[in-house]
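Heads up, the thing below is written out as structure tokens.
In this chain, numbering begins with 1 at the start of the sequence shown.
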Amino acid sequence: MKQFIALVTLVVHDYDEAIDFYTNKLCFTLVEDTALTDTKRWVRVAPPGSAQTCLLLAKAATAAQRRSVGKQTGGRVALFLYTDNFKRDYAHMQQQGIVFTGPVRKESYGTVAVFADLYGNLWDLIEPAYG
């Protein structure tokens, strides 16, 4: 049996501002943007080189969903973005105004820094120590 995680939903306030952030600031690829209804779209983005897993950007449709934007994991790091070149990506992200919440750290598993996306979701940028 072969399985993999294909999509991870990220609740957003606005499709277009989320697409702009992920494609222009983080250099993700817009994989799909399909209108499902007048107000609902199927929007998938993926990091460069990602073959299987995408983020599904889902616009908050209820008050409860709007309150969860940026807090889907209760303030913990939500997502982990692996890179093959930490210095390159860290410098690019800083140039794009990405907010890092602490210093770059060398851990046993690699080089890591925590950053916030446009809604405040926390991410780890990681260059793994193995390789």
Side-chain angles (χ1 to χ4, degrees):
M1 176 184 288
K2 180 181 177 184
Q3 297 179 334
F4 65 92
I5 295 174
L7 298 168
V8 175
T9 300
L10 194 60
V11 180
V12 302
H13 286 302
D14 180 82
Y15 291 117
D16 294 322
E17 74 179 359
I19 290 168
D20 180 65
F21 177 84
Y22 286 101
T23 60
N24 292 321
K25 296 195 182 271
L26 292 186
C27 299
F28 281 27
T29 300
L30 178 60
V31 176
E32 181 179 3
D33 185 357
T34 303
L36 300 177
T37 68
D38 288 342
T39 59
K40 187 174 181 180
R41 290 157 57 183
W42 186 260
V43 178
R44 296 184 302 139
V45 296
S50 181
Q52 293 181 318
T53 305
C54 294
L55 288 179
L56 177 67
L57 304 178
K59 184 176 178 183
T62 67
Q65 290 173 5
R66 285 189 287 280
R67 285 190 302 272
S68 75
V69 172
K71 298 180 230 146
Q72 291 181 201
T73 57
R76 294 193 57 136
V77 170
L79 299 156
F80 301 80
L81 182 61
Y82 277 40
T83 178
D84 62 352
N85 188 322
F86 184 91
K87 283 183 166 184
R88 175 199 63 215
D89 293 342
Y90 182 79
H92 170 79
M93 292 167 75
Q94 284 187 309
Q95 291 170 352
Q96 294 299 313
I98 303 296
V99 175
F100 284 86
T101 63
V104 174
R105 302 183 327 268
K106 297 281 187 178
E107 300 289 350
S108 60
Y109 55 85
T111 304
V112 62
V114 177
F115 69 93
D117 70 13
L118 76 163
Y119 298 118
N121 295 299
L122 298 179
W123 291 65
D124 271 0
L125 176 66
I126 301 172
E127 182 176 347
Y130 60 83

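A donor-acceptor contact shorter than 3.5 Å links the side chain of Thr53 to the backbone of Ile5. Put simply, the side chain of Thr29 never gets that close to the backbone of Val31: no donor and acceptor are under 3.5 Å apart. Distance alone, capped at 3.5 Å, places no donor-acceptor pair between the Gln96 side chain and the His92 backbone. Judged by distance alone, with hydrogens and angles left aside, the side-chain atoms of Gln72 form a donor-acceptor pair with the main-chain N or O of Val11 at under 3.5 Å.
Here the OG1 atom belonging to Thr111 is positioned 10.5 Å from the CG atom belonging to Asn85, to the nearest 0.5 angstrom. Taking CG from Leu57 and CG from Leu10, the interatomic distance works out to 6.5 Å, rounded to the nearest 0.5 Å. Separating the OG atom in Ser108 from the NZ atom in Lys106 is a distance of 12.5 Å, to the nearest 0.5 Å.
Two residues are said to be in side-chain contact when any heavy atoms from C-beta on lie closer than 4.5 Å; Asp124 and Glu107 fail this criterion. Residues Asp16 and Arg41 form a side-chain contact, since some pair of their non-hydrogen atoms from C-beta on lies under 4.5 Å apart. Side chains of Arg105 and Val114 form a contact here, defined as non-hydrogen atoms less than 4.5 Å apart. Considering only heavy atoms from C-beta on, Thr39 stays 4.5 Å or farther from Lys59 through its side chain. Residues Asn121 and Leu79 fail the side-chain proximity criterion, which asks for heavy atoms closer than 4.5 Å. At a threshold of 4.5 Å between non-hydrogen side-chain atoms, the residues Phe21 and Ile98 count as touching. Side-chain atoms of Val43 and Val12, non-hydrogen and from C-beta on, never get closer than 4.5 Å to each other.
Taking the six-membered ring where the residue is Trp, Tyr22 and Phe28 present tilted rings, their angle falling between 30° and 60°.
Val112 and Phe80 fall within the same hydrophobic cluster, where Ile, Leu, Val, Met, Phe, Trp and Tyr residues are linked whenever their side-chain heavy atoms come under 4.5 Å apart, directly or through other members. In the hydrophobic clustering of this structure, Ile19 does not group with Trp42; members are Ile, Leu, Val, Met, Phe, Trp, Tyr whose side-chain heavy atoms approach within less than 4.5 Å, directly or through other members. Two different hydrophobic clusters hold Val99 and Leu125 under the rule that ILVMFWY side chains link at heavy-atom gaps under 4.5 Å. Under a hydrophobic clustering in which Ile, Leu, Val, Met, Phe, Trp and Tyr are joined whenever their side-chain heavy atoms come within less than 4.5 Å, directly or via other members, Leu81 and Leu7 fall into different clusters. The cluster map of Ile, Leu, Val, Met, Phe, Trp and Tyr, joined by side-chain heavy atoms under 4.5 Å apart, puts Met93 and Phe86 in the same cluster.
Here the shortest heavy-atom pairing between Arg44 and Cys54 reads NH1-SG, 3.9 Å.
Every residue two or more places apart in sequence or in another chain that forms a side chain to side chain donor-acceptor pair (under 3.5 Å) with Glu17 is listed here: Tyr119. For Phe100, the ring pair (Phe, Tyr, Trp, His ring centres under 6.0 Å) partners two or more places apart in sequence, or in a different chain, are Tyr90, Phe115.
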